[in-house]
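Notes to accompany the following structure.
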Amino acid sequence: MRTDRPPPPPRSAAARWCVLGGLPNGRLALVELTADGSPISTTQLDAAQLPELVAQQEGAARRDGASPPRWVWADAAAWYPQLLAAGIRVERCHDLRLVHTILRHSQRVQDHAPIRGADAWDVPVLPPVTESPSAGATLFDVDNGTAARGAVPAGIDEVLAEFTRQRAAIESARELSSDRARLRLLVAAESAGALIAAELQAAGIPWDVAEHDRILTEQLGPRPRFGQVPELVAHKAAQVRDALGDPLLSIESQPRLLRALHRAGVDVRSTSQWELMGHGHPAIAPLLQYKKMVRLLTANGWAWMDEWVHEGRYRPVYVPGGVVTGRWASSGGGALQIPRQLRPALRADPGWRLVSADVAQLEPRVLAAMANDQGMIRAGAGTDLYAGIVAAGVVATRQEAKVGVLGALYGGTTGDSGRIVPRLRRTFPRAMALVDDAARLGEAGGTVSTWLGRSSPPADAAWTSAQQAANLPDASTAEQERTRRSARDRGRFTRNFVVQGTAAEWALSWMAGLRLALSRFEEVPENQAARASGPAFARRAHLAFFLHDEVIVHAPAAEAEQAAHAIQEAADAAGLLLFPGSGIDFPLDLAITERSEEK
DNA sequence: ATACGACGCGCG
DNA sequence: AAAGCGCGCGTCGTAT
């Protein structure tokens, strides 16, 4: 006979890992392990009992002043949303899917064979969560040991086996030069990111549809009936057609627009705005305005609002580890591409505030710390690293400093950037050597790694054989030129990989620390909660938005100052955690507002 | 009908 | 001014 009572509380307080997986009979298994991986106990439970069991484990540890266990599961994106929907948060986890991807390639791992052999865990792209978590839905549809998402194995035996492989792979990293400690940090940070991504989606971004509609109406005209073009857009299109003398022109079609421009005597190679900008023809100004309007309408217009904003929350799907460098991607709704002109639609709930923070020049600061380039670290001592470079006498203006640094990070060789980069190479030799070495390795087909040990994907077989073929005496000049260009492309990728990837690691560490700090904030009474329909954790200050080097915390007004303080403290802590003793600063631009500001 | 690459443009 | 890196998404045009 089945019972809905939860299983008895776990006996041992010594459990460090709580491994979750499915059983062939459709129930769930919880296996507790000690720190060294020895099993303590196995509990069988029904899916419906899981939230309470997790809550018990988290709560018991907290009452004892101990760290809660680390939950080990195949894929946080498959397990965690349902827990959040039931009002349960966990403090820490180990996400086998994300960690597998890291360990599979990491050059810090000495023996890759076991991990690479477990190719059922190779899931290149995360399928988006299709349904928002809702309490009524079936919690876990565990069938044949595979979770509903079906992406990675979720049966308890497979989960335990992969966890064992992963711990062995991490242990195989060299202890010297702190490879192992950094890899552990990366694994923890990546897993924390998986929790944060699920929480961000559950909490949503507080979104003011009235303000959004006001912006759209101001720019495009009032919302038209379905299938109609907004008034100001139609008017602008008419101006363009008029100026080009082509009353039936389909402006959306690039080939036709290009031909119309040529007929009107505008000599452009493409219809992109930077190329149009230089021309004085009377069609150009309205065309550029038209493009802006159509972009706003199609990307973030009323249809977007209807689809993505509900009950005052925009809930995008974040994809942790979605970019090879370790950056997050997003899927659906374009969370990482919200145009700045719509920023005022981000608005705190009544009595709450948005606490926004972005890091000033994150990537160059990360580079300075990685390379231990004292000159560059000194240039970053103030709040503006570019101003510091000007003060060091390298260049005359902030703009030149910025163009030069971006050229160094991206591999710019032409124009202003190509002119300035050599000067940076003289002034900041260690920083430049780090990115130049990464580029040289990549050009030669090699692999590079971030500070914590995420490695770039290896050159594929076709690339390598093309490079080799171009070195043979019978290779044509065209072929040699093509492969040289391809080698330089790869060099620019690996050059940027080490910096972009390490910046992503810093940002994950920042958010992970901030998340823990915020979880200790006071809860407000339910009647002052941000949203009755929101998750329970949204009753206190919580993360609401993340964009590479920027976070927004949604906080009760009385706690906003404290939240701002926590954000800066977490940034300082992340700097010390990744780069102890380097002296690098990570200053933030902080603002407490009711409404996010257009910049 | 559907798939896919190119293009253009939004974000860092 | 863009360039030089990493993305997602809407549209068009062509291939299937």
Side-chain angles (χ1 to χ4, degrees), chain A residues 125 128 250-258 268-279 287-288 290-301 303-304 307-308 316-343 358-364 366-367 399-400 402-421 424 435-436 438-439 442 448 450 454 456-457 485 488-504 506-507 545-551 598-599:
Chain A
V125 176
S250 164
I251 309 175
E252 289 341 300
S253 165
Q254 287 144 25
R256 286 178 222 185
L257 175 59
L258 195 57
V268 284
R269 217 187 82 269
S270 79
T271 65
S272 65
Q273 46 182 332
W274 65 265
E275 184 149 2
L276 295 174
M277 221 114 62
H279 293 77
L287 176 56
L288 291 173
Y290 175 83
K291 278 167 165 268
K292 283 230 179 305
M293 295 163 92
V294 168
R295 168 78 198 181
L296 178 61
L297 176 67
T298 55
N300 298 100
W304 180 91
E307 186 178 354
W308 292 102
V317 180
Y318 294 92
V319 185
V323 179
V324 280
T325 57
R327 270 190 175 182
W328 288 12
S330 68
S331 159
L336 307 185
Q337 299 132 257
I338 297 171
R340 301 216 73 106
Q341 61 186 144
L342 285 185
R343 281 301 182 98
D358 65 86
V359 191
Q361 307 97 33
L362 174 58
E363 292 191 353
V366 159
L367 171 58
Q399 182 59 22
E400 282 182 312
K402 183 173 179 174
V403 166
V405 166
L406 292 182
L409 298 180
Y410 296 157
T413 53
T414 59
D416 289 348
S417 138
R419 192 167 48 77
I420 299 167
V421 168
L424 293 177
V435 283
D436 288 345
V448 297
T450 61
R454 187 189 306 261
S456 62
R485 181 149 36 80
R488 284 193 301 268
D489 288 349
R490 191 161 190 281
R492 285 194 301 276
F493 167 64
T494 52
R495 168 190 293 272
N496 187 246
F497 181 96
V498 293
V499 179
Q500 188 184 116
T502 304
W506 183 92
F545 184 61
F546 169 59
L547 181 53
H548 305 316
D549 62 356
E550 173 184 2
V551 297
E598 202 175 341
K599 284 183 187 164

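Computed from a predicted model, the values in this text were never measured in an experiment. Computation of the quantities below employed the complete heavy-atom set of this structure, encompassing side-chain atoms and omitting hydrogens, waters and symmetry-equivalent molecules. Convention: sequence-line order gives letters A, B, ...; per-chain numbering from 1.
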[X] side-chain proximity, nearest of [options]:
X        : options               : result
A:Glu252 : C:dC12, C:dC9, C:dC5  : C:dC12
A:Asp549 : B:dG12, B:dG10, C:dA3 : B:dG12
A:Thr271 : C:dA3, B:dG8, C:dG8   : B:dG8
A:Pro255 : C:dG13, C:dG6, C:dA3  : C:dG13
A:Arg295 : C:dG10, B:dG8, C:dG6  : B:dG8
A:Gln273 : B:dG10, C:dC12, B:dC7 : B:dG10
A:Arg256 : C:dG6, B:dC9, C:dG13  : C:dG13
A:Ala329 : C:dC12, C:dG8, C:dC5  : C:dG8
A:Arg343 : B:dG10, C:dA3, B:dG12 : B:dG12
A:His548 : C:dC7, B:dC9, B:dG12  : B:dG12

Between [atom2] of [N] and [atom1] of [X], the distance in whole Å:
X        : N      : atom1 : atom2 : answer
A:Tyr290 : B:dG8  : OH    : P     : 15 Å
A:Asn496 : C:dA3  : CG    : C1'   : 14 Å
A:Arg327 : B:dC11 : CZ    : C1'   : 9 Å
A:Arg495 : C:dC5  : CZ    : C1'   : 10 Å
A:Leu547 : C:dG6  : CG    : P     : 18 Å
A:Glu363 : B:dG12 : CD    : C1'   : 8 Å
A:Ile420 : C:dA2  : CD1   : C1'   : 13 Å
A:Leu297 : B:dG8  : CG    : P     : 20 Å

Complementary nucleotide for C:dG4 - Watson-Crick or wobble, under 3.5 Å
none
If each of A:Gln500 and A:Met277 is mapped to the nucleotide of DNA chain C with the nearest heavy atom, which maps nearer the 5' terminus, i.e. the 5' end?
A:Met277
So, A:Lys291 side chain and A:Ser272 main chain: donor-acceptor pair closer than 3.5 Å or not?
no
Can you tell if the side chain of A:Val359 reaches within under 4.5 Å of the side chain of A:Glu550, non-hydrogen atoms only?
no
Please confirm whether any donor atom in the side chain of A:Arg492 sits under 3.5 Å from an acceptor in the base of C:dC5, or the reverse.
no
Looking only at heavy atoms, which two atoms of A:Leu276 and A:Leu287 are closest? And how far apart?
CD1-CD2, 3.7 Å
Which atom names give the shortest non-hydrogen contact between A:Pro457 and A:Val324, and what distance separates them?
CG-CG1, 4.3 Å
Using a heavy-atom cut-off of 4.0 Å across all strands, would you classify [X] as base, sugar-phosphate, or nothing?
X        : answer
A:Val324 : sugar-phosphate
A:Asn300 : nothing
A:Ser417 : base

Glycosidic conformation of C:dG4, taking syn as within 90° of 0 and anti otherwise:
syn
Do A:Glu363 and A:Arg495 meet the salt-bridge criterion of a basic N to acidic O distance under 4.0 Å?
no
Run the numbers on A:Gln254 and A:Thr271 for side chain to side chain donor-acceptor pair (under 3.5 Å), then give the verdict.
CA-CA 7 Å; A:Gln254 287 144 25; A:Thr271 65; 5.2 Å; no
